[in-house]
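Basis for what follows: all heavy atoms, side chains included, without hydrogens, waters or symmetry-related copies. Quick note on labels: first sequence line is chain A, next is B, and so on, each numbered from 1.
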Number of protein chains: 2
Amino acid sequence: MTTIADVAKATGVSKGTVSSVFSKKRPISKEVTERVLEAARALNYKPNYWARSLANKSTRILGLNIPGEKFKFSQFHLSLMNGVLRVCYDHGYRLLVNTLPQTFLDRVENISSDPVDGEIILDPEADDLRIEDRLNREVPIVLVGRPSKAYDNRVSYVDNDNVGMTGQITRYLLELGHRNFLFLNAPKHRTVASDRELGFLTACQEFGMEQTSHQIVHKPDTINSSLDFGYETTLATLRKMPEISAIIADSDTMALGAYKAAQKLGIQIPEQLSVFAFSDDSVFSPEFTPPLTGVRLNAEQLGIEAATILIEQLKKEAKTINRTIVPTEMIIRSSCAHRNIEMGGNHS
Amino acid sequence: MTTIADVAKATGVSKGTVSSVFSKKRPISKEVTERVLEAARALNYKPNYWARSLANKSTRILGLNIPGEKFKFSQFHLSLMNGVLRVCYDHGYRLLVNTLPQTFLDRVENISSDPVDGEIILDPEADDLRIEDRLNREVPIVLVGRPSKAYDNRVSYVDNDNVGMTGQITRYLLELGHRNFLFLNAPKHRTVASDRELGFLTACQEFGMEQTSHQIVHKPDTINSSLDFGYETTLATLRKMPEISAIIADSDTMALGAYKAAQKLGIQIPEQLSVFAFSDDSVFSPEFTPPLTGVRLNAEQLGIEAATILIEQLKKEAKTINRTIVPTEMIIRSSCAHRNIEMGGNHS
DNA sequence: AATTTTAACAAAACCGGTTTAACGATAGAA
DNA sequence: TTCTATCGTTAAACCGGTTTTGTTAAAATT
């Protein structure tokens, strides 16, 4: 491998001079610059990224940190990443995707600082160890999603208005006449789960005119497949509580599970059962009959905002705390309908 | 920031000893190991990734290289990346996504080696500069897609059988009675474009029984949006050649453009126009009425194979050339139908 | 003309790790 | 008892860049 020393020797100048030619941080005469670049080209020399990072204490790499075992990117994550990548592209940053399991990272021989200038942290949890760790090591971070109250004023984050949005869709379902809900929620420790739960419960309470009843089930960490979770839970719950006439699902994958369960039970959507999902456009759409009603989370915008804030934070020394809310829109297709009084809920 | 020297001083041992404790590359007594780890914990020390990479000449990072300006990941890329990430996860590699524009990379102050141990190169072109560059610098690479003949025996790659697959779907359409095609193909310089074109033409020729006619249009580099390209091209072509009864689209996005054009022209799919797409499950599915017939490329499997081959290549010194073909499956939904002899093609 | 400033570069120290060579202590072999 | 291995450790060299400091010649100032 060609090093800076080789180029220096070939050109008859010092290492420092070659360095300056490439980094452009110090003026070098036109004549020498030419000769150095010439020699570099001839030797096929390119500065070593890591040596440079070590000396510069900067990598110009952003990290995208996603927790969870055997993780798979969803459509939501894809859009989000597209947003992040666009900002990276504009600002000359590379993106490092880190999905390594904690069991791996905790082994002594793998312990190390992260090779990034800052990190975007996805799906924060109530007691998220990642946050404390980055705060300790003074690694700039931006969360996508709300942190726990303890960190509310210590880290920047980008989020949807989960409480308000869930309230809105709950009212929509209430106005359609639904009173008995199954809420397929995100894993319990995720902050998004409690926000949505809060929005849901508040709307139910405020609506007040009649008693509503509901079953909120959190996806357990032990289950990897949202589809299976949606299917199993819907199946079991509808059998136990046939009065349920509407399902709110955390993701389109879960909703798909609910669809399959309904089919298995011989229940018609939306005539007998309304299904709603927190989701961007679905990957599974060919499988959805009827088309799924849901809410657009604008994942790409979340990614754009997060990356922009992070890069902004890297530029200036002063660490300001930034909170950005990205708006959402309800997308009404045809999986939700008025509760059918006749047969309403009495599937069996 | 705490360095190895701080820990060494605190523990009263040498830097080398601390290094050995963390790298586990040399035996250190249990007693000293304990003391070092204790001090490291107290000082919140973690080995510096860059320094380590520099000394080790290895980063344990794989690169994912995607060309194109203002690039956006498609569903295909998402699935592929999920495959790659799974292998990374299993082998302790991080993934660096590089979509930086060449104009940025070419500026003197940004020239540098890539911070990866090896790279997965997407969407290779006939005369792909990336390949020569990596070969020169001896960076291990695996392509997803076929390289040009010149590199056929010099680089490993993973690909679908584009020629055979396109032949198959062309025969499918021919047997449905279609004779006049519009082929919305990938950009001309991409090798995948010529493979699919070859498969298409060969099938047409072999079928032989009647004359077929077709219009093959390559997506120009100047257009970013596949949707716009599909729309505009379909619109213009169908107006010019109303005898066309089937469209083969390079991606679901292009197919969506074709759908919109058909709608605009008042042409029914599939009664008057069949549409076929090289595509995984679509993101746009809610927009597809009727559901799109296409071919599953198994992008995730492509990713898994590519990453596996690359990591295998990193392990051993001997550089064997590996070629892997990932099978495809036709997914018949309802956007293709028998050519309607009555009105066949005569839209106007 | 003498002095200060500036430009352009060289030499050496440095970034934070790893690795090699050398060494003392202990253990086993001759 | 002496010789040789082995183990655990240290000191110094090294990875490939950047940066600080120092030097010299030319330009600018007084």
Fill in: Stems where DNA chain D pairs, listed by first number, each of three or more Watson-Crick or G-U pairs under 3.5 Å
C:1-30 with D:1-30
Fill in: Residue pairs passing the ring-ring contact (aromatic ring centres under 6.0 Å, His included) test where at least one lies in residues 99-144 of chain B, sequence neighbours excluded
none
Fill in: Minimal non-hydrogen separation, Y157(B) against R323(B), with atom names
OH-CD, 3.0 Å
Worksheet entry | Member of Q313(A), E312(A), E305(A), K319(A) meeting the side-chain hydrogen bond (donor to acceptor under 3.5 Å, both in side chains) criterion with S156(A) | Q313(A)
Discussion item. Need one value for L54(A): base, sugar-phosphate or nothing, where a base atom within 4.0 Å counts as base even if backbone is also close, heavy atoms only.
Written reply: base
Can you give the donor-acceptor pairs under 3.5 Å from side chains of residues 37-45 of chain B to other protein atoms, not counting sequence neighbours?
none

Worksheet entry | S14(B) side chain, from C-beta outward: closest of dG16(C), dA8(C), dA11(D) | dA11(D)
Practice prompt. Using a 4.0 Å heavy-atom cut-off, write out nucleotides 17-23 of chain C from 5' to 3' as B (base contacted by protein), S (sugar-phosphate only) or - (no contact).
Written response: BBBB---
Table of protein N/O atoms under 3.5 Å from nucleotides 26-28 of chain D N/O atoms:
none

Worksheet entry | Residues forming a side chain to side chain donor-acceptor pair (under 3.5 Å) with T191(B), sequence neighbours excluded | none
Worksheet item: Measuring from I121(A):CD1 to R134(A):CZ, what's the distance to the nearest 0.5 Å?
Response: 4.5 Å
Item to complete: Show the numbers, then the answer: is there a side-chain contact (heavy atoms from CB on, under 4.5 Å) between H77(B) and D123(B)?
Response: CA-CA 10 Å; H77(B) 292 100; D123(B) 301 338; 3.5 Å; yes
Worksheet entry | Gap between atoms NZ and P, on K57(A) and dG16(D) respectively (whole Å) | 20 Å
Worksheet entry | S29(B): partners by side chain to side chain donor-acceptor pair (under 3.5 Å), with sequence neighbours left out | none
Worksheet entry | All side chain to side chain donor-acceptor pair (under 3.5 Å) counterparts of D159(B), not counting sequence neighbours | N162(B)
Response to the item:
side chain to side chain donor-acceptor pair (under 3.5 Å) filter on N322(B), not counting sequence neighbours, yields T324(B)
Discussion item. Listing request: all salt bridge (Lys or Arg N to Asp or Glu O under 4.0 Å) pairs with a residue in residues 15-33 of chain A, at least two apart in sequence or in separate chains.
Written reply: K24(A)-E109(B), E31(A)-R35(A)
Worksheet item: Looking at DNA chain C, which of residues 29-44 of chain A put a heavy atom within less than 4.0 Å of it?
Response: S29(A), V32(A)
Worksheet item: Does the pair D114(A)/R130(A) count as a salt bridge with the N-to-O cut at 4.0 Å?
Response: no
Worksheet item: Who passes ring pair (Phe, Tyr, Trp, His ring centres under 6.0 Å) against Y49(B), sequence neighbours left out?
Response: none
